[in-house]
Protein chains: 2
Amino acid sequence: MESRYASRIFEALSSEVRLDVFRLLVKHAPDGLVAGDIARLLDLPATNLSFHLKALVQSGLVHGEREGRFLRYRASIPLMLDIIAYLTAQCCSGRPECCRAFREESGVDARFLPPVAAPSSDRKA
Amino acid sequence: MESRYASRIFEALSSEVRLDVFRLLVKHAPDGLVAGDIARLLDLPATNLSFHLKALVQSGLVHGEREGRFLRYRASIPLMLDIIAYLTAQCCSGRPECCRAFREESGVDARFLPPVAAPSSDRKA
DNA sequence: GGGATAGTTCAACAACTGTTGAAATAAGTC
DNA sequence: GACTTATTTCAACAGTTGTTGAACTATCCC
């Protein structure tokens, strides 16, 4: 993934409203939710939600699909995995031994972290 | 991690310049780089770099420390691990079986993805 | 202290973002 | 076709962001 593309994805998640929308859609994967349900659950004005959904769709993190009168939105889990892999590759590909040390220091539950990859020069970064 | 806090971190990475600076600092962890080196390596005007470094420091993703005449900046690897863990927990905690399926579909190298956590209700999310 | 180097802060400005209410589109129901 | 519901687009506006050159602060060296 290129940094230009990655920064667009981070931009999509840089608004608390959009992050909440995205998290809600991830929680409701793979069925997704229609716009009205999102608006109700997050207590957002329809017009404002629509603005943020557009941004999420343009980033690729969310897909929309008409369903009769409704529009159903779904989180793109593959793209989410991509961005996790991107961050992880940035972190560990240079110095696995350093990354390992930090993992032990940090209070993060290891179940939520990727394995430390073996060192090698050319990666998906 | 709260979503308000997470969105601030994503905001810090939402500019291509800042993402490039951060990646460079991650690459040079744990020694970091002084501002002038960053400016030279990324071909940025000092004043503009300073603006972005300030944003990165405020987000917590980067720390600065005076070193004589220079200011040395370092990436906060622990916070980076936190944000990876946050994304991962969002993704998998709901429906591991769904996440697993997507992982197999997506072309992402599994070495860069966290293990699929066992389902349980209350997580670091 | 005076001069050089490293880096930041300031002021100005154009460009972009997020919010809102009003109007428009799209699809179902009678 | 007229009516209702779901959602988006539009126009306006306030607020924020990113860029630049000029001025400032901090540190080192003589």
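The chains referred to below are lettered A, B, ... by the order of the sequence lines, with proteins before strands, and numbering in each begins at 1.
Rounded to 10 degrees, the angle between the two end axes of the helix from C/dG1-D/dC30 to C/dC30-D/dG1 is 20°, with five pairs used at each end.
Along DNA chain C, read 5' to 3', the first and last nucleotides having any atom under 4.0 Å from a heavy atom of chain B are C/dT5 to C/dC10.
Applying the side-chain contact (heavy atoms from CB on, under 4.5 Å) criterion to A/Arg74, with sequence neighbours excluded, gives A/Glu65, A/Arg72. For B/Leu71, the side-chain contact (heavy atoms from CB on, under 4.5 Å) test picks out B/Arg66, B/Tyr73, with sequence neighbours left out.
Near DNA chain D, meaning a heavy atom under 4.0 Å away, the residues from residues 46-58 of chain B are B/Thr47, B/Asn48, B/Phe51, B/His52. Taken residue by residue, residues 63-72 of chain B places heavy atoms nearer than 4.0 Å to DNA chain D at B/Arg66, B/Gly68, B/Arg69. Residues from residues 7-19 of chain B with heavy atoms under 4.0 angstrom of DNA chain D, sorted by number: B/Glu11, B/Ser15, B/Arg18.
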Acceptor/donor pairs from residues 10-19 of chain A side chains to any protein atom, 3.5 angstrom cut, sequence neighbours excluded:
from	atom 1	to	atom 2	distance (Å)
A/Ser14	OG	A/Glu11	O	2.7
A/Ser15	OG	A/Val17	N	3.2
A/Ser15	OG	A/Arg18	N	3.1
A/Arg18	NE	A/Ala12	O	2.8
A/Arg18	NH1	A/His52	ND1	3.1
A/Arg18	NH2	A/Glu11	O	3.3

Return a table of donor-acceptor pairs under 3.5 angstrom between the side chains of residues 34-46 of chain A and protein atoms on other chains or two or more places apart.
from	atom 1	to	atom 2	distance (Å)
A/Asp37	OD1	A/Arg40	NH1	2.9

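Between the CD1 atom in A/Ile9 and the CG atom in A/Leu56 there is a gap of 11.0 Å [rounded to 0.5 Å]. Within the model, atoms CD1 of A/Ile77 and CG of A/Leu81 stand 7.0 Å from one another, a figure rounded to the nearest 0.5 Å.
What separates CG of A/Leu44 from C1' of D/dT8 is a distance of 15 Å, to the nearest Å.
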